[in-house]
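The structure under discussion appears below in the form of structure tokens.
Here is the naming used below: chain letters follow the sequence lines, and residue numbers restart at 1 for every chain. Not measured: the values here are computed from a predicted model.
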Amino acid sequence: MEQEKYAHLEKELSPKTPILKNVIRAFLTGGLICLIGQFIALFYITYFNFTERTASNPTVATMIFISMLLTGFGLYKKISQFGGAGAAVPITGFGNAVVSAAIEHKSEGYVLGVGGNMFKLAGSVILFGVFSAFVVALIKTLLVKFGVVSW
Amino acid sequence: MKKLGMLFILLFLLTGCSEKGTRIENTTTFNDDQLEKTLDHNEHVKLAIALLHEKDLIAGIRVNTFSRFQKKKIANELKEKLEKEYPELNITVSADSKVLLETQKLINKGKEGEYHKKIEKIKSIEKEQT
Amino acid sequence: MKNGNIIFKTMPSIHSTGVTAGPLEKKKSVFAQQFDKLYEDERCDLPTNEDGHRQLMYDAVMIALSKAKKSPEKIDILLTGDLVNQMTPSNFTAQALGIPYIGLFSACATSVSSMITAALFTDAQYANWIVAGSSSHHNAIERQFRYPLEYGSQKGATAQWTVTAAGAVLIGQNKPELPSIQCATIGKVVDMGMTDPLNMGSAMAPAAMSTLTNHLTGHGKTIDDYDTIITGDLGSNGFKILKALANESGLPHTKNFRDAGEEFYGKDPTFKAGASGSGCSAAVFFSDVYQKLCKGEYRRVLLIATGALLSPLSYQQGDTIPCIAHAIEITRDGVDTI
Amino acid sequence: MISIYITSFIVGGLICVIGQLLMDVAKLTPAHTLCTLVVTGSILDGFGWYEPLIDFAGAGATIPITSFGNALTHGALAEAEKHGLIGVVTGMFEVTSSGISAAIIFGLIGALIFTSKGNI
């Protein structure tokens with residue numbers, strides 16, 4: 001049998017991705033995580049000297065802390081299985097990627113294992129975040145210099 | 001699950017329109033009628049709490065849900081407007097809920113002796129960037 | 001030998017088997033009762049996953065030996081394999097057992113490829129007693145092939161769960177009352193251009209089909225000659241495709257087809273398409289199938305173990321997933337039926 | 001005050017829906033999806049569109065990974081405004097350090113406390 005014909009057959013028989021179901025679950029999970037973030041932000045705004053803008057830093061750190069606990073107790077993968085991108089896209093998903101890699105590679109020691117592999121999954125997010133930020137900021141700065149746009 | 005989504009959308013639409021409010025505390029001799037009018041008449045402002053003390057005017061505002069996209073611009077415009085109306089005052093207008101919250105707390109406590117110190121603190125927090 | 005089809009003239013027998021499995025298998029596998037040893041701890045009370053993996057294999061071999069009242073010194077060759085890089089769990093097992101050893105890699109088809117090799121050694125009279133087997137350990141394999149265990153990634157309906165299990169068989173000269181290896185087919189690598197490492201069943205199904213057809217034509221058999229034709233770890237999706245391929249290629253029916261991967265966790269939807277891993281086929285073939293052969297429920301079976309020959313490197317470089325399937329025919333009928 | 005919770009839920013949820021569609025429809029791996037979102041966030045900030053979204057949705061915009069790209073660009077732009085071109089490089093982590101430092105610290109603490117489990 002040829003590859004193309006098989007690919008056709010395989011596509012016909014394999015279960016379809018339940019996109020609508022996944023999307024609804026992602027919406028609810030992601031929305032809920034952000035809602036929890038909003039409550040944490042409110043907590044920092046109300047009880048500490050943070051404004052709406054500055055509260056996002058401690059909020060993010062707190063969310064990552066919660067994510068560490070959920071990851072360590074083996075719950076985050078269950079949330080992810082339910083929520084898909086709803087659990088991966090929030091910063092807690094970033095935390096999960098870092099913490100899970102760190103926990104997994106503990107057996108190779110703290111330097112080569114944890115240290116060397118911590119950003120195995122999350123590293124690409126940092127790389128592309130930093131690089132795109134560099135390009136965007138560079139373009140904008142140059143455009144401002146040449147008077148095309150203003151800050 | 002879909003029902004839950006509908007409920008949220010409904011709530012979302014409902015909260016777009018809630019009552020307006022303006023509260024002003026004045027410990028100075030400046031006339032605050034114009035201030036009240038300016039705050040009241042701004043179509044974006046849902047709630048405003050302002051405090052006039054010595055040389056300071058501090059106003060925390062909350063804007064309507066869909067005006068939040070441009071809430072910094074709204075606060076800046078208000079500030080410019082008020083600066084014209086009260087050229088002698090140091091004016092701070094912020095749409096940050098922290099400023100609103102702190103100003104409200106300050107007024108509710110009502111200890112005039114603390115006003116100056118607290119106002120300076122609010123101003124310094126407000127200036128901090130993320 | 002022609003086209004990979006082998007006939008074993010002396011019909012080496014499977015004298016005993018040993019199967020071990022982890023705690024999740026103890027709870028969730030429908031075959032748990034038939035396994036010889038089940039662990040309470042997923043690392044078999046050892047520090048790392050790989051240590052646990054090694055213990056699984058070691059215990060499986062020792063159980064198979066003790067059932068036949070043999071000690072490791074009496075064994076001529078050990079033929080085992082697993083999925084960890086360079087098969088270190090198997091290597092350490094061989095070191096601990098002190099048996100002359102060749103490591104074999106056919107991914108999840110190692111259970112059958114090791115049996116074929118063992119039968120060849122026995123048939124050629126180079127060895128009296130050979131232990132063959134394979135194993136896999138969920139934690140050790142997942143972190144190597146996919147993500148860290150605690151990383152949350154949404155698995156689709158075609159994903160399979162690598163089992164924590166090991167199976168070993170003791171193969172020796174023919175003994176008429178024991179299940180014996182009559183013939184086998186060494187598979188060819190089949191690549192249908194599938195690239196999704198989370199849908200291995202559909203990558204492996206054509207390999208299984210190719211080997212099945214080759215075995216039937218090469219040995220002049222029909223599917224009705226077998227009480228069951230059992231594949232290793234196609235999972236529900238791959239198994240469905242295999243049956244479709246069988247219908248398309250003109251096989252009369254697929255009633256007696258089984259798939260160890262699909263059955264392993266009792267079609268529990270939390271395991272998605274079912275079980276996989278080189279321990280999966282070994283555990284089922286050497287427990288359920290072997291016991292049914294011994295009891296006489298099965299007279300003749302065809303075991304087809306399938307393996308996806310990929311590595312994390314190969315699929316990240318955009319390569320397709322080449323697959324292999326090896327078949328071995330085991331019978332209770334005496335030598336006279338050849 | 002209630003409305004910020006609703007907007008954060010909806011906007012956060014919708015960003016995740018975009019992520020889910022990238023995974024299910026465009027067939028991207030989770031890593032590719034996250035990188036795409038980060039780059040999107042950083043480009044949006046280049047146009048000055050992400051900050052208004054944060055004002056509108058609060059945590060709904062700051063918690064998804066898009067805000068990471070936004071914050072990196074924002075830091076770089078803020079420094080560039082003050083110090084010119086060199087600020088593009090120096091200002092990048094001005095704003096985002098908290099997310100990364102928290103991830104590093106809690107990652108190590110997590111590794112100290114926990115071991116991974118192969119449960120389902």
Exercise for the section: Using distance alone, with no hydrogens and no angle criterion, decide if Glu10(A) and Asn199(C) have a side-chain donor and acceptor under 3.5 Å apart. Expected result: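 There is such a pair between these side chains.
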Does a side-chain heavy-atom distance below 4.5 Å link [X] with [Y]?
X: Gln81(A); Y: Lys272(C); result: yes
X: Ile103(A); Y: Pro148(C); result: no
X: Ser107(A); Y: Arg143(C); result: yes

Problem - CD1 on Ile241(C) to OH on Tyr6(A), rounded to 0.5 Å - result: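 Going from OH on Tyr6(A) over to CD1 on Ile241(C), the span is 4.0 Å.
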Go through the atoms of [X] and report whether side chain, backbone, both or neither lie under 4.5 Å from a heavy atom of chain A.
X: Thr48(C); result: side chain
X: Lys243(C); result: neither
X: Met209(C); result: neither

Looking at every non-hydrogen atom in both residues, tell me the closest pair between [X] and [Y] and how far apart they are.
X: Lys5(A); Y: Glu248(C); result: NZ-OE2, 3.9 Å
X: Gln154(C); Y: Asn22(A); result: NE2-OD1, 3.8 Å
X: Leu149(C); Y: Lys77(A); result: O-CD, 3.5 Å
X: Asn237(C); Y: Leu13(A); result: OD1-O, 4.0 Å
X: Glu150(C); Y: Ser100(A); result: C-CB, 3.6 Å
X: Ala157(C); Y: Pro15(A); result: CB-CG, 3.8 Å

Practice task
Flag the one option from Ala244(C), Ser236(C), Pro206(C), Ala273(C) with the top tally of heavy-atom pairs under 4.5 Å to chain A.
Solution key: Pro206(C)
Problem - Heavy-atom pairs under 4.5 Å with chain A, option from Ser249(C), Ser202(C), Gly238(C) with the top count - result: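 The option with the most such pairs is Ser202(C).
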More than 12 heavy atoms of other residues, nucleotides or ligands under 6.0 Å from [atom1] of [X]: is that the case?
X: Lys16(A); atom1: NZ; value: yes
X: Phe119(A); atom1: CZ; value: yes
X: Lys28(C); atom1: NZ; value: no
X: Phe145(C); atom1: CZ; value: yes
X: His8(A); atom1: NE2; value: no

Is [X] in contact with chain C via its backbone, its side chain, both, or neither, using a 4.5 Å heavy-atom distance?
X: Ala87(A); value: neither
X: Ser14(A); value: both
X: Ala97(A); value: both

Practice task
Return yes if some donor-acceptor pair links the side-chain N/O of Asn96(A) with the main-chain N/O of Gly152(C) below 3.5 Å, else return no.
Solution key: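 Side chain of Asn96(A) to backbone of Gly152(C), a donor-acceptor pair under 3.5 Å: yes, one is there.
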